[in-house]
Amino acid sequence: MKLLTLNFLTCAIKTCKTSPSSFPLHPQDAELEIVESDVNMAFLRNILPRLMWEELRGITRELGLPELPETAPAAEDLGEPSQVAKDLHRLLLETSIREGKLVCGNCGHEYAVKEGIANFLLPGHLV
Amino acid sequence: MREYLVRLVQMHESFRKAELQALADVSGVEMHIIKYEEDSPFCVIGLPSDKAAHAMISRSILSQGIYELWGHGRNYNALHASIKNLSPSKWNAYHETPFRFTLDSFRGSRTPTEQRDIVESFSYLEFAGPIRMKEADVSFRVFEDYDHEAPEPKYLYMGRFISGSGRHAKTMYDLKKRHYISTTSMDAELALLTANIALAAPGKFFFDPFMGTGGFPIACSHFGAITCGSDIDGRSIRGTGGSARKGQMGKKDVEGNFRQYGLEERYLGGFVSDLTNTPLRITTPCGNEQNGGYLDGIICDPPYGIREGLKVLGSREKLGDKERATHHDRCKEPTYIPPKRPYSFIAMLDDILAFAASTLVDGGRLSMWMPTANDEDIELVIPTHPCLEIVSVCVQPFNKWSRRLLTYRRLSDSEVSQDSLHMTKKEYETGIKADELNGFRRKYFEGFKEFQKLRLETATGRRVSDESTELEKTSN
C-alpha cells in the first residue's frame, strides 16, 4: 500500500472514529519499499488540498523518513515539477508499506499489513 | 455551435446518452443533443469546435467516431441538396487534399457497384486530390440508416471524419486476456463505460469498496485516475484464492493485473475491509463547515447476494460474554477468521450512499450497479440521499432480470436543504438468514425450478424450515 493511503485511513472501530487520536494510524515494524514512477503533476495538484499535513508529517517522522516542511506547499510551489513536488511524489506515491502493522492511537488495535495489503476486518467482539 | 454526427454503436442503448453527457462534462465541453433515437446509431450533437469533438469522443466506449456534419436528408436527392445548402464554404479547403470517401450502411448493404455509384454522385464536391484508402489526410463518409429488412435507407448523413473513439480499449481490457479474474468480474466494456460515466480522468482519485479482482479500478486508471479499492474478501485482492480460470497456476493478484496493463503507478493499493465498518475517514455529511470529502469518484458493483454472498462483519446471533472473551483471546492468532453475517441488500445500498455522501468531494460521482427484477421495474425504489443528486439511470436488460447503473453527483453543502438531512431512519428487512434479508435474492431463486420446494413453502405460507436452510447451503 502506497503511503498516501494513510492520509485517508482511520481505525475501523466505529466508537474510535469520533476520537481525534484515531487518525492517523501509526505504522509499526514497517518494511518499506520504493518503486519509482513518473511524477503525476495533475494528481499532485488535485490531492494537495486534501492532505492532512500535520498528520503526514507525524507519519514520516515515525517512519524515519526525510522530514516534510512545516507547512504544506501552495499549488504554485509544485512547479513543473519542483523539488517539493518530487519529494512529495517520492513519499506519497513511490513509497509503500509491504509488511508491518498499523496501530490506532486511540484504542491500540493493530491492523496487520501483509504483502502490501492491510487487513481491517474487526474481530467478533469489536463489531 | 456546429453540428457533428456521432456514429454510436447499436447496443447498451440506454447508456449512450449518459456517456455522451459525461464525456462532455469531463472534457469541459458544452454539448447539445440535437437528434437522438434509441433505435438508431446516428446521433447529431452541437459542439463548439473540432477540438471539443475530439476531446469528447476519443475516450468514448459506445461510439465509433465523430464527423463534422456536411448534410443529411431522407433520400439522396435531399442529402445532396442539404450538402449544397449547408457546406459549400467547406469544400474548397479539401480541393487538393489526399482523401478517402466511404459508405457506412447500418442494417443494410450495397453491392460494390452501388457503392461506387453512390460515391460518384458526390463528384460535384470537386475533390481533385489523390484517393488514398490508407493514411488519407481527410476522410469523408456517407451513412445510410435502414429500418430492419427495408430495401431503401430511411435517412442519410454525410460528414468529414474528426476523431475515432476509445472503443478499442474494450479489446485491450478483454476479460479473456486478463491474467486474473473472478466469477463476478464486470465485462471490460461495461467497466470502462462505468468509469466514463463516473468521470474518471487524469489527476482524479477513485475508490471501489467492492473491488474483487480490481476490474473497476483498472478501468478508472485506464482513463488516468489514481485508484484504490477494498474488499471484505482478502483472498480476491491477494490472489491466494485461485482464479476463475481453469488450470490457472502461479501467483495472480490485483497488482499483477495493473502491471499487465502498465498501470501500476496509478494503483494506490487494496485493503481488506467491510463497508459497514470502513477504515476510511468519514467526515460529517453535509451541514456545518466545509465538505471534507477526498474522493473524486466511487464506482462499484456491490454483491447482490446471488453469485457472491452479501455479508458484513458481525455474528448471526448476538455474542455472549463467554464468546466475546474467546474472540478477544483468539483474534491475534494468524488463523483467526472474523465472523460474518448476511446483510440486507437495501440496507447495503443505503450504506453505500451514506459512505459516498461523506467521502466524495463536491461534484464527485458515485456510479453503482444494482439489480432489478424485470416485473418490478415500475415500483423499483432507486435509493436516495439528500446530499446526492441522481445524474443518470441506465438499464442493462437480461433474459429474466435486469440491472441498472445508477450515477449520483455529490451536491455542495449549499445545494442541500438542511431539512432533508434529518431523514427518518428506515426500516430494513430483519432476520438472520440470507433469504429473509434479501428480497432480490429471494425473488431471483423463486424464479428457478430448482427451488420448487422453497416456492411451495412460500406459496402455502408455511414457515421456512430447516429444509430451506439446506437449500440455502446448496445455493451458496
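All values derive from a computational prediction rather than experimental measurement. Residue numbering restarts at 1 for every chain, and letters A, B, ... go by the order of the sequence lines.
- For M41(A), no part sits under 4.5 Å from any heavy atom of chain B, backbone or side chain.
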Show me, pair by pair, the donor and acceptor atoms from chain B and chain A that are under 3.5 Å apart.
unit_1	atom_1	unit_2	atom_2	d
G203(B)	O	N46(A)	ND2	2.7
K251(B)	NZ	E115(A)	OE1	3.1
E264(B)	O	K2(A)	NZ	3.0
Y267(B)	O	K2(A)	NZ	2.5
L268(B)	O	K2(A)	N	3.0
V272(B)	N	A118(A)	O	2.8
V272(B)	O	F120(A)	N	2.7
T276(B)	O	K14(A)	NZ	2.8
T278(B)	O	K17(A)	NZ	2.3
P279(B)	O	T10(A)	N	2.6
P279(B)	O	T10(A)	OG1	3.1
R281(B)	N	F8(A)	O	2.7
R281(B)	NE	N7(A)	O	3.1
R281(B)	NH2	N7(A)	O	2.7
Y294(B)	O	R50(A)	NH1	3.0
D296(B)	OD1	R50(A)	NH2	2.9
D296(B)	OD2	N46(A)	ND2	3.1
D296(B)	OD2	R50(A)	NH1	2.9
R324(B)	NH2	H125(A)	O	3.0
H328(B)	N	H125(A)	ND1	3.4
Y336(B)	OH	G124(A)	N	2.8

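- In this structure, the side chains of F271(B) and L9(A) come closer than 4.5 Å at one or more pairs of heavy atoms.
- Distance check: F120(A) CZ to L280(B) CG gives 8.0 Å after rounding to the nearest 0.5 Å.
- Legend: salt bridge (Lys or Arg N to Asp or Glu O under 4.0 Å) pairs involving residues 211-225 of chain B, not counting sequence neighbours: none detected.
- Residue I337(B): no heavy atom, backbone or side chain, is found under 4.5 Å from chain A.
- Residues F43(A) and G203(B) come closest through the heavy atom pair CD1-O, 3.2 Å.
- With a 4.5 angstrom heavy-atom cutoff, L319(B) touches chain A only via side-chain atoms.
- Taking chain B as the reference chain and counting heavy-atom pairs below 4.5 Å, the highest number among L122(A), L126(A), L25(A) is found for L122(A).
- Using a 4.5 Å cut-off between heavy atoms, I47(A) touches chain B through its side chain atoms alone.
- When G270(B), A201(B), A325(B) are compared by the number of non-hydrogen pairs under 4.5 Å with chain A, G270(B) comes out ahead.
- Looking at F23(A), only its side chain comes within 4.5 Å of chain B, counting heavy atoms on both sides.
- Every residue two or more places apart in sequence or in another chain that forms a side-chain contact (heavy atoms from CB on, under 4.5 Å) with A200(B) is listed here: A195(B), F206(B), C220(B), F223(B), A225(B).
- Contact annotation for I117(A): both backbone and side-chain heavy atoms come within less than 4.5 Å of a heavy atom of chain B.
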